[in-house]
Amino acid sequence: MTDSEPFPLRFFAALIIPMSDTILNEQVASHQTAGTKHHTPFEITKEIEKQADQRIKHYPQDRKRSAVLPLLHIVQSEFGFISPEAIEWVAGKLEVEPIKIEEVVTFYPGLRQHAPGKHHIRVCRTLSCAMGGSYELMDKLCELAGIDRSEATHHNPIAVSPCGTWSVEFSECLASCGTAPVCLVNNDFHEDLPAGKASDLLANYK
Amino acid sequence: MGKITYQKSKQPHPREMRLIFRNIDREGWDPSLKTFLADGGYKELKKALKMTPGEVTDEVKKSGLRGRGGAGFPTGVKWGFIPPNNQKPVYLICNCDESEPGTFKDRYIVHQDPHQLIEGMVISCYAVGAKVAYIYIREEFPQAAEIVEQAIEEARKGGFLGKNIQGSKFDCEFYVHRGAGAYICGEETGLIESLEGKRPYPRIKPPYFPAAMGLYMAPTIVNNVETLCHVKHIIGMSGEDYAKIGTPRNTGTRILCVSGDVQKPGYYEIEVGKMTMGELLNDLCGGPKEDRSFKAVIPGGSSAKILRCSDKFNVSCPPDTEKREINFEEIPLDFDTMAACGSMAGSGGVIVIDDSRKMSWVLNNINEFYAHESCGQCTPCREGSTWMKKITDRLVAGKATPSDIETLESVAYQIDGRTICAFGEACAWPVEAIVDKFRDELMAETSEENEALPHNSEEEAQRRYLSSV
Ligand SMILES: Cc1cc2nc3c(=O)[nH]c(=O)nc-3n(C[C@H](O)[C@H](O)[C@H](O)COP(=O)(O)O)c2cc1C
Ligand code: SF4
Ligand code: FES
């Protein structure tokens with residue numbers, strides 16, 4: 001900003017900039033959770049580099065940017081979530097500005113910017129599952145895993161247990177409404193899961 | 001990774017006609033190429049490669065196949081929209097985003113019968129001249145992505161994909177592209193933006209019709225998983241014979257996904273138009289739960305307008321052309337009659353609601369979905385979907401006023417038709433239909449006494465703020 005700008009603009013900018021900074025920091029940027037200790041810190045290995053190069057080849061040479069989701073999936077499955085360093089790395093790989101990666105990361109509910117628990121549970125909350133008892137299932141899971149969901153918000157939908165082993169999140173229709181209620185634990189799909197089966201479900205994961 | 005589930009005991013109902021789902025939950029079936037070939041797989045591909053691409057498209061046109069992704073648009077006609085003098089590469093995209101609430105058919109195909117999809121897709125690529133195809137799989141199907149990638153690898157090794165397929169000089173490559181949990185990626189132009197590595201903001205049509213300006217601004221055909229599987233069977237039995245299944249203009253079979261308050265929810269593949277709503281819900285699905293009766297049905301995914309089970313409809317049921325009055329249970333399950341009844345066949349997701357449910361609760365659940373999934377590009381949709389959710393939140397909390405119901409309705413009608421993509425209608429229609437058909441029930445939950453703000457701390461803060469300005 002230069003001194004030649006009219007006063008009101010500077011006045012409002014001074015008000016707005018610090019505020020938007022805090023909103024970003026509180027709501028979207030990475031922060032530590034109880035789950036952080038269960039995930040390895042971001043570090044690029046030869047194996048990851050190879051996987052990424054393989055994925056980039058699926059798109060025309062001048063359309064590398066298309067590989068943003070595949071690369072972010074590699075990062076997330078390896079490190080549990082997408083850190084600022086990971087965003088820089090993906091941007092470098094695809095030769096675009098980091099903001100182009102960040103805008104993608106902040107859009108999709110499936111991409112996370114904080115560590116979930118060691119086991120991340122996504123319970124479907126949409127109509128058929130809600131009729132089948134998915135809200136009761138969520139309550140039971142929280143009770144068993146010692147999770148307080150009251151802090152979960154739209155920007156920060158994941159709640160982690162104090163020990164960091166479990167985290168829960170409501171998701172929208174998982175496309176198995178005929179076997180409601182359903183959930184995903186990590187990459188495993190579980191169906192026909194009334195609240196009564198919650199403890200059996202958790203017993204499968206340690 | 002956990003195993004895919006098979007419901008081995010689920011036998012087809014005698015009234016079903018299994019074409020696409022013939023191998024789903026079948027004893028001894030697995031997703032390998034070996035099993036598929038032993039069952040006569042890739043025979044239709046070989047047949048198609050002996051025809052010219054134009055002949056393949058003609059068969060699809062003759063079959064009358066209509067898209068199974070939601071809009072029911074004729075597939076052969078869509079393929080014909082690729083500009084004839086096109087010099088750019090053509091792309092085919094398989095839409096496996098399956099995220100319309102109530103829909104769960106594509107899940108079974110990609111988990112259990114991936115080669116059926118690949119065969120249908122290679123034939124479609126040959127017809128439209130695509131050398132590269134992407135299969136866009138929603139993020140919540142991690143196992144499907146692995147299964148389909150493995151199937152692609154096997155098909156390539158078997159000479160059904162890659163260079164010079166079956167000695168025909170036709171080259172074709174398939175890649176899996178995984179989404180990241182956003183419903184709007186099911187909308188075809190949103191999907192294309194997502195594939196280009198951007199936020200999945202739908203493009204405005206016109207001018208961005210994918211068949212002319214799609215992926216990388218090149219002609220692109222986007223079809224649903226089930227639609228592409230049908231192509232294989234059309235080539236197998238000829239377009240003319242396929243058109244004999246179902247009813248005129250509503251040909252073939254389709255998979256209905258029934259969920260909610262019925263005895264036997266699940267998938268049922270039926271001849272389009274040859275069965276009524278009553279037969280589906282009572283004979284195939286075993287009727288309502290004990291001591292309950294059906295109250296309302298959403299016939300084509302949560303975006304479709306709800307039907308009240310006590311209503312009468314004045315429509316013509318094919319093959320009759322005369323209009324007559326029918327009740328809810330007599331509605332034939334096809335595209336056109338469902339539209340004439342004021343709803344849509346959509347994606348085939350039938351959600352059944354019985355008399356134990358409050359419509360305010362149902363509507364609030366649906367509103368939460370759309371408020372969460374709006375991409376945010378258009379103001380009516382972004383703001384309206386959230387407002388509607390806030391109003392029904394108040395309603396279920398017992399804090400709504402009678403005027404809230406009018407506001408709800410007026411917001412919905414102000415979204416409808418004023419947005420970039422059809423999500424606008426998708427979020428407005430459930431509200432319009434439920435308010436219209438269950439107005440008295442909703443009104444009964446409101447109270448004049450709620451008129452005085454504030455209802456909660458947020459509104460209290462708001463009022464303090466407003467009065468201090
Ligand atoms: C908001 C919205 C969501 C959609 N979601 C899906 C979806 O999940 N799967 C799908 O196949 N089509 C979906 N569609 C329809 C697609 O835009 C497109 O019409 C379809 O993939 C075309 O395939 P078809 O001609 O084979 O039906 C959606 C449309 C809209 C407006
Ligand atoms: S209608 Fe809604 S979902 Fe579609 S482009 Fe507009 S804001 Fe996005
Ligand atoms: S509503 Fe839960 S899977 Fe569809």
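So that the names make sense, note that chain A is the first sequence line, chain B the second, and so on, each numbered from 1. Quick note: numbers below take in every heavy atom, side chains included, and nothing from hydrogens, waters or symmetry partners.
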4.5 Å side-chain heavy-atom contact, Tyr370(B) and Glu172(A): no
Heavy-atom pairs under 4.5 Å with chain A, option from Glu373(B), Lys264(B), Arg138(B) with the top count: Arg138(B)
Full working for salt bridge (charged side-chain N to carboxylate O under 4.0 Å, His left out) between Glu149(B) and Arg55(A): CA-CA 12 Å; Glu149(B) 284 194 331; Arg55(A) 289 281 159 188; 2.9 Å; yes
Part of His154(A) within contact of chain B (heavy atom distance under 4.5 Å): side chain
Heavy-atom neighbours of Lys131(B) NZ exceed 12 at 6.0 Å: no
Shortest non-hydrogen contact from Glu100(B) toward Cys173(A): O-SG, 4.4 Å
Contacting region of Ile351(B) [heavy-atom separation from chain A under 4.5 Å]: side chain
Structural part of Ser356(B) lying under 4.5 Å from a heavy atom of chain A: neither
Greatest number of heavy atom pairs closer than 4.5 Å to chain A - which of Cys257(B), Gly266(B), Ser194(B): Ser194(B)
Salt-bridge contact Lys57(A)-Glu173(B) (side-chain N to carboxylate O under 4.0 Å): no
SB check Arg125(A) Glu368(B) (cutoff 4.0 Å): yes
Heavy-atom closest pair, residues Leu174(A) and Glu140(B): CD2-CG, 3.5 Å
Chain A contact via Pro200(B) - side chain, backbone, both or neither, heavy atoms under 4.5 Å: both
Tyr91(B) versus chain A, the contacting section by heavy-atom distance below 4.5 Å: side chain
Lys50(A) atom NZ: more than 12 heavy-atom contacts under 6.0 Å: no
Within 6.0 angstrom of Trp387(B) CH2, more than 12 heavy atoms from elsewhere: no
Contact class of Val258(B) relative to chain A, heavy atoms under 4.5 angstrom: backbone
Val352(B), part contacting chain A, at a heavy-atom distance under 4.5 Å: backbone
Residues in residues 71-98 of chain A near chain B [non-hydrogen atoms, under 4.5 Å]: His73(A)
Chain B-proximal positions within residues 59-67 of chain A [heavy-atom distance under 4.5 Å]: Tyr59(A), Pro60(A), Arg63(A), Arg65(A), Ser66(A)
Greater than 12 external heavy atoms within 6.0 Å of Gln150(B)'s CD: no
Side chain, backbone, both or neither of Val262(B) within contact of chain A (heavy atoms, under 4.5 Å): neither
Heavy-atom pair of closest approach, residues Pro70(A) and His177(B): CD-CE1, 3.8 Å
Side chain, backbone, both or neither of Phe141(B) within contact of chain A (heavy atoms, under 4.5 Å): side chain
Contacting moiety of Thr103(B), where chain A heavy atoms sit under 4.5 Å: backbone
Pick from Ser302(B), Pro101(B), Gly260(B) with the largest number of heavy-atom pairs that fall under 4.5 Å of chain A: Pro101(B)
For the student: nearest non-hydrogen atoms of Ser259(B) and Cys177(A), plus distance: CB-O, 3.4 Å
For chain A, the option from Gly349(B), Gly102(B), Pro89(B) that forms the most heavy-atom pairs under 4.5 Å: Gly102(B)
Shortest non-hydrogen separation from Arg107(B) to Ala175(A) and the atoms involved: NE-O, 2.6 Å
Proximal component of Ile184(B), with respect to chain A [non-hydrogen, under 4.5 Å]: side chain
Any residue of residues 127-150 of chain A which, by heavy atoms, sits under 4.5 Å from chain B: Leu127(A), Ser128(A), Ala130(A), Met131(A), Tyr135(A)
Within 45° cone and under 6.0 Å: Arg199(B) NZ/CZ vs Tyr108(A) ring: no
Proximal component of Cys185(B), with respect to chain A [non-hydrogen, under 4.5 Å]: side chain
Pairing residues for Trp429(B) by the ring pair (Phe, Tyr, Trp, His ring centres under 6.0 Å) criterion, not counting sequence neighbours: none
Leu69(A), part contacting chain B, at a heavy-atom distance under 4.5 Å: side chain
